[in-house]
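What follows is a short report on a single structure.
Fair warning: this is a prediction, and the values are worked out from it, not measured in the lab. As a basis for the values below, the full set of heavy atoms in this structure was taken, side chains included, without hydrogen atoms, waters or symmetry mates.
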Amino acid sequence: MNGFSWTVADYLQAAYVFLTALGIVVTAFMAVWVVRSVQRKIDNEQMLRDHLAHEVIELRKDTRDFMAKVIAGGMRAKEIKRCHYRLSSHINDLLSLLNKKYMVDKKYLKAYRQNVMKIIEDDGAYTQAFDANGEVTLNNETVTKLHEIEVKNDHLFNEVLLKIYEQNG
């Protein structure tokens, strides 16, 4: 019988080829898995950045709307206080998260959280209207101070957005 017989060297060579091919397949699988995992992490991070950026943009819109309504007059005193409280809470919550994730200073937007209500409460029209929950029309001096806060601080929303996107994770 004239058959093919394997020697020990043939078995070793076949095992070497098999293990090399298996190593290539495993390495390729690991490379694909690593790339997908890294890409998923990058995509998740980008989605988080985009979500938080959207929150900052919405907060800026809400802040501008609130300031415009207060300055225009006609809001009830307790409504002003409630709206400011909601706005201030939103600012605090968002900045707390941004501080943990992107090292954004919690003092950003401080003027909107603290100074706005102090200025409003110092206006006699507000204090007189508060107990009866009447409509408030602020005096010109108060309106000017509120405009100054907007002018001096509106850019901070964009700075927060820059900090979100400049951080590496």
Side-chain angles (χ1 to χ4, degrees), residues 30-169:
M30 291 298 292
V32 167
W33 179 75
V34 167
V35 168
R36 283 188 176 174
S37 296
V38 169
Q39 187 61 48
R40 189 175 305 119
K41 183 175 179 357
I42 290 169
D43 291 346
N44 288 345
E45 182 66 29
Q46 187 61 41
M47 284 175 35
L48 178 61
R49 286 176 199 267
D50 292 345
H51 170 74
L52 292 172
H54 177 73
E55 287 288 313
V56 171
I57 291 166
E58 284 295 312
L59 182 60
R60 177 177 55 197
K61 179 189 173 302
D62 293 346
T63 302
R64 287 175 177 170
D65 290 348
F66 171 75
M67 295 291 282
K69 286 178 184 177
V70 169
I71 289 170
M75 283 182 79
R76 297 203 172 276
K78 292 182 181 177
E79 180 185 6
I80 291 172
K81 188 131 183 130
R82 269 193 312 275
C83 287
H84 182 266
Y85 178 77
R86 273 196 316 268
L87 189 62
S88 184
S89 293
H90 191 186
I91 290 170
N92 287 337
D93 291 345
L94 186 58
L95 286 178
S96 179
L97 178 61
L98 292 173
N99 177 264
K100 288 177 191 172
K101 183 69 177 161
Y102 301 111
M103 310 316 173
V104 174
D105 192 344
K106 289 181 182 182
K107 293 178 184 174
Y108 268 84
L109 307 174
K110 177 182 175 185
Y112 291 110
R113 287 191 331 251
Q114 297 173 354
N115 300 350
V116 166
M117 205 58 212
K118 286 179 186 174
I119 291 169
I120 293 169
E121 288 173 341
D122 286 345
D123 190 299
Y126 176 81
T127 53
Q128 286 177 346
F130 191 81
D131 287 336
N133 196 25
E135 290 185 358
V136 178
T137 301
L138 301 172
N139 69 44
N140 288 336
E141 181 182 334
T142 302
V143 169
T144 300
K145 287 179 183 178
L146 293 175
H147 277 300
E148 286 175 4
I149 283 181
E150 279 191 299
V151 169
K152 289 180 182 177
N153 293 283
D154 195 59
H155 68 92
L156 295 175
F157 291 100
N158 289 330
E159 287 184 25
V160 170
L161 289 171
L162 286 174
K163 288 183 180 295
I164 291 171
Y165 284 105
E166 286 176 344
Q167 292 288 326
N168 290 326

- Hey, is E45 close enough to K101 for a salt bridge, meaning N to O under 4.0 Å? yes
- Close side-chain approach of V70 and V143, heavy atoms under 4.5 Å: no
- Message: Filter on salt bridge (charged side-chain N to carboxylate O under 4.0 Å, His left out), then keep only pairs touching residues 152-161, sequence neighbours left out; what's left?
- Response: R64-D154
- Mind checking side-chain hydrogen bond (donor to acceptor under 3.5 Å, both in side chains) for H90 and listing every partner two or more places apart, or none if nothing turns up? E55
- Step through it carefully: locate the ring centre of Y102, locate the ring centre of Y165, and say whether they are under 6.0 Å apart. no
- Query: Who pairs with D65 by salt bridge (charged side-chain N to carboxylate O under 4.0 Å, His left out), at least two apart in sequence or on another chain?
  - Reply: K61
- Any side-chain heavy-atom pair of E150 and T63 under 4.5 Å: no
- Mind checking what makes side-chain contact (heavy atoms from CB on, under 4.5 Å) contact with N115, not counting sequence neighbours? A111, I149
- Query: Do side-chain atoms of S88 reach the backbone of H84 as a donor and acceptor pair under 3.5 angstrom?
  - Reply: no
- Keeping the roles fixed (side chain from T142, backbone from L138), state whether a donor-acceptor pair exists under 3.5 Å. no
- Task: Nearest 0.5 Å please: distance from the NZ atom of K107 over to the CZ atom of R113.
- Result: 10.0 Å
- Item | Validation row: M75, V136 side chains within 4.5 angstrom (heavy atoms) | no
- Residues two or more places apart in sequence or in another chain: which of them pass salt bridge (charged side-chain N to carboxylate O under 4.0 Å, His left out) with K110? none
- Note on the structure: Across all chains, not counting sequence neighbours, the side-chain contact (heavy atoms from CB on, under 4.5 Å) partners of L162 are E166
- ring pair (Phe, Tyr, Trp, His ring centres under 6.0 Å) involving Y108 - partner list, sequence neighbours excluded: none
- Message: By the salt bridge (charged side-chain N to carboxylate O under 4.0 Å, His left out) test, which pairs, at least two apart or in different chains, include something from residues 122-135?
- Response: none
- Message: I need the full list of side chain to side chain donor-acceptor pair (under 3.5 Å) pairs touching residues 66-82, with sequence neighbours left out, sorted by first then second residue.
- Response: K81-E121
- Query: Side chains of L109 and N153: does their closest heavy-atom pair fall under 4.5 Å?
  - Reply: no
- In chain order, what residues pass the side-chain contact (heavy atoms from CB on, under 4.5 Å) check against L97, with sequence neighbours excluded? L52
- Item | Atom pair CE (M103) and CD1 (I164), whose distance is rounded to the nearest 0.5 Å | 13.5 Å
- Kindly compute the distance separating CD1 (I91) from CG (L94), expressed to the nearest 0.5 Å. 9.0 Å
- Message: Pair K41, N44 - check side-chain contact (heavy atoms from CB on, under 4.5 Å), show working.
- Response: CA-CA 5 Å; K41 183 175 179 357; N44 288 345; 5.7 Å; no
- Nearest 0.5 Å please: distance from the CG atom of L146 over to the CD atom of E141. 11.0 Å
- Task: Under the ring pair (Phe, Tyr, Trp, His ring centres under 6.0 Å) rule, collect the residues that match up with Y85, sequence neighbours excluded.
- Result: none
- Message: Run the side-chain contact (heavy atoms from CB on, under 4.5 Å) test against N99 and tell me which residues pass, sequence neighbours left out.
- Response: K106
- Can you find a heavy atom in the side chain of I80 that is under 4.5 Å from one in the side chain of F130? no
- Does the side chain of L87 come within less than 4.5 Å of Y112's, by heavy atoms? no
- For N140, does the CG atom sit with more than 12 other heavy atoms under 6.0 Å from it, leaving out its own atoms? no
- Task: Mind checking the CG-CG spacing from L98 to D105? Nearest 0.5 Å is all I need.
- Result: 11.5 Å
- How many angstroms lie between OG1 in T137 and OH in Y126, if you round to the nearest 0.5 Å? 14.0 Å
